[in-house]
Each structure stands twice: as C-alpha cells, then as structure tokens.
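Since the structure comes first, as structure tokens, the remarks are kept for the end.
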Amino acid sequence: MAGRRVGRALLGSGLLAVTLLGGAGGYGLGLMTTDQQASAGTTAAPLPGDSAGMPSSTPSSTPPKHIVPDNTEPLQADDIRYKTREFTVSSVVESRVSMRVPSAWDMTVQDPPKYVRFNEPARKRWIRIEAGFSITRAPAASMAAKMAELKILPAGQMLTFKSQHIDPETKNATLVYTYVPDQSVRYVMVRWVADPEGLCIFEIAATGLPQDKAALEDILDHATNSATRSDSPLN
C-alpha cells in the first residue's frame, strides 16, 4: 500500500435517507479502538445525533438527566473561513492527510496519532478525522459497525439516532445522532468517505450543538470534498 493516494470530490447534500428503527448509545464517551476497529475505520468517540424521530435507549435504572439547553449563538456557515491542513495519522499504516477545515480552529493530536481533532476556540464544536486503517470494507459496513458499538453504551448518555444515509453514487455513509455527555445536548454527524473503488478511506465526525446543524454540514462537506490520503508502511 506504500505510496497509495486516494481522494475525490464527494457528497454535499441530496443523500439517500434511510430511516433508522431504534438503537441507543453515546458518542463522546472516549475512544475505544480495538485492533479490529482500527483496521476498519470505526473508532468509537462522542458522536451526538438524532434518530428520524424515533428515539431509543438501553434499559437502565438510572434516572434521566435534567437537560439544560445550551443557548450559545449558532455557528453560521457563511462566517466560516477554511484552509488546507496537512497532518499524519497512523494505525495499520501511516496516512498523510490533506483536508480543508475551519482556519481558526486549532489542532490536537492523539498519542499515538490514530486521529486528529480541530477545535473551535470555545471548545463546543470540533471535527475529528481518522485514517491509517486498512482500506478493506465499504462505508456502509463501517457505519453499521459504529452503530453496533454505540448501541451498547450507557443509557445515561441519552444517545438518539436521527438518521443514516448512504449516497448511491459516491457510496459515502453518514450517521447523525445526539447525546447528552453532561446536561446539554450535543449534535454529531459522522461520515465514512469512499475511495473510487467504494471502500472506506476516512471517518470524519463533526460535533457541535443542535443549532449548529447547517454549519456542521458545511464543515463536513468541505472536509469530505477536499480530503486526500497517501499511505506508507509504518516505520
């Protein structure tokens, strides 16, 4: 796989929506990567989303949280400026990544660097990019694996699946859900990006507040449409 370079303009809107019938979990509970997950692009991390109007949760004796709305002014897509950032992530292979992200957001890197995250100054929104995994399965399969992980997370996270989408042309898969890590709802959009052969090369998650939905879609589309990945063997 040395020197393999993959990338294409992918997905904006107009995805094929598929109604999700139930399920629960939480995104934002910390990363739970296993060797199998690392080879498939299914790192479990905080992913808020909502489920096509059909919430579901894991049975629990824990009383529900008291939700306190976060009334922070929403991000405005028209106000976001982008720039191309380059970085390296590694797991099964080392991936050199280039992608357009909000220019004012700072980068944090996991150690070891299996993913990177770009954070807005208030730390209420971020975008997380994972690569470095083996390119072996379709985005739809990676999305299904992530959903299975999320469904077993504690009911106290109040995760609700909102929608799942598979683009019939690009084969990109997008999952949307919400969760409550503390007292306020977080909104998450996760996209698994396909290469020209229809196999997953990126997992990209944009997280923020429910009122940020339009801006998060814009951020996710900019990242998706500009993303390239060049792989080399691990040293």
Expected output: side-chain T88 to main-chain R96 donor-acceptor under 3.5 Å
no

Given E203, which of K146, R191, R137 fulfils the salt bridge (charged side-chain N to carboxylate O under 4.0 Å, His left out) condition?
K146

Checking S103 now: which residues fulfil side chain to side chain donor-acceptor pair (under 3.5 Å) with it, not counting sequence neighbours?
none

What closest approach, in Å, do L216 and T207 show between heavy atoms, and which atom pair accounts for it?
CD2-O, 3.7 Å

Hey, does L150 have a side-chain heavy atom less than 4.5 Å from the side chain of Y179?
no

Regarding S95 and R229, do their side chains bring together a donor and an acceptor under 3.5 Å, going by distance alone?
yes

Look at the side chain of N172 and the backbone N and O of A194, then say whether any donor-acceptor pair between them is shorter than 3.5 Å.
yes

What residue pairs, at least two apart or across chains, pass salt bridge (charged side-chain N to carboxylate O under 4.0 Å, His left out) with a residue in residues 74-85?
none

Beyond-backbone contact of V89 with I129, side-chain heavy atoms, under 4.5 angstrom:
no

Nearest heavy-atom pair of P139 and G198: which atoms, and what distance?
CD-O, 3.3 Å

F202 side chain reached by T224 side chain, heavy atoms, under 4.5 Å
no

Under the rule for side chain to side chain contact (heavy atoms under 4.5 Å, CB included), what residues qualify as partners of P113, not counting sequence neighbours?
S90, V109

V185 and Y187, any side-chain heavy atoms less than 4.5 Å apart
no

Taking all non-hydrogen atoms of both residues into account, name the closest pair between R125 and E73 and its distance.
NH2-O, 3.0 Å

When you measure from the side chain of Q183 to the backbone N and O of K65, does any donor-acceptor pair fall under 3.5 Å?
no

Do E130 and K114 have side chains that get closer than 4.5 Å, going by heavy atoms?
no

Backbone of D70 reached by a side-chain donor or acceptor of Q211 within 3.5 Å:
yes

V97 and A131: which non-hydrogen atoms are nearest, and at how many Å?
CG2-CB, 4.2 Å

Sequence neighbours excluded, which residues qualify as side chain to side chain donor-acceptor pair (under 3.5 Å) partners of R100?
T84

Quick one: pull up CG in D212 and NZ in K124 and give me the separation to the nearest 0.5 Å.
9.5 Å

I'd like to check W105 versus I219 (side-chain heavy atoms, cut-off strictly below 4.5 Å). Are they in contact?
yes

Which pair of heavy atoms, one from E94 and one from P233, lies closest together, and at what distance?
CB-O, 4.5 Å

Could you measure the distance from the CG atom of N119 to the OG1 atom of T108? Nearest 0.5 Å is fine.
4.5 Å

Is there a donor-acceptor pair under 3.5 Å between the side chain of D195 and the backbone N or O of L199?
yes

Residues two or more places apart in sequence or in another chain: which of them pass side chain to side chain donor-acceptor pair (under 3.5 Å) with D182?
none

Can you list the steps and then say if M99 with I204 is a side chain to side chain contact (heavy atoms under 4.5 Å, CB included)?
CA-CA 11 Å; M99 184 177 296; I204 306 173; 3.9 Å; yes

Can you name the side chain to side chain contact (heavy atoms under 4.5 Å, CB included) partners of D218, sequence neighbours left out?
A77, Y82, H222

Would you say that I135 contacts D231 through its side chain, given a criterion of any heavy-atom pair below 4.5 Å between the two side chains?
yes

Donor-acceptor under 3.5 Å (S134 side chain, T136 main chain)
no

Intermediate values then yes/no, side chain to side chain contact (heavy atoms under 4.5 Å, CB included), D106 and R123
CA-CA 10 Å; D106 64 83; R123 290 296 199 274; 2.9 Å; yes

Less than 4.5 Å apart, any side-chain heavy atom of L209 and any of R186?
yes

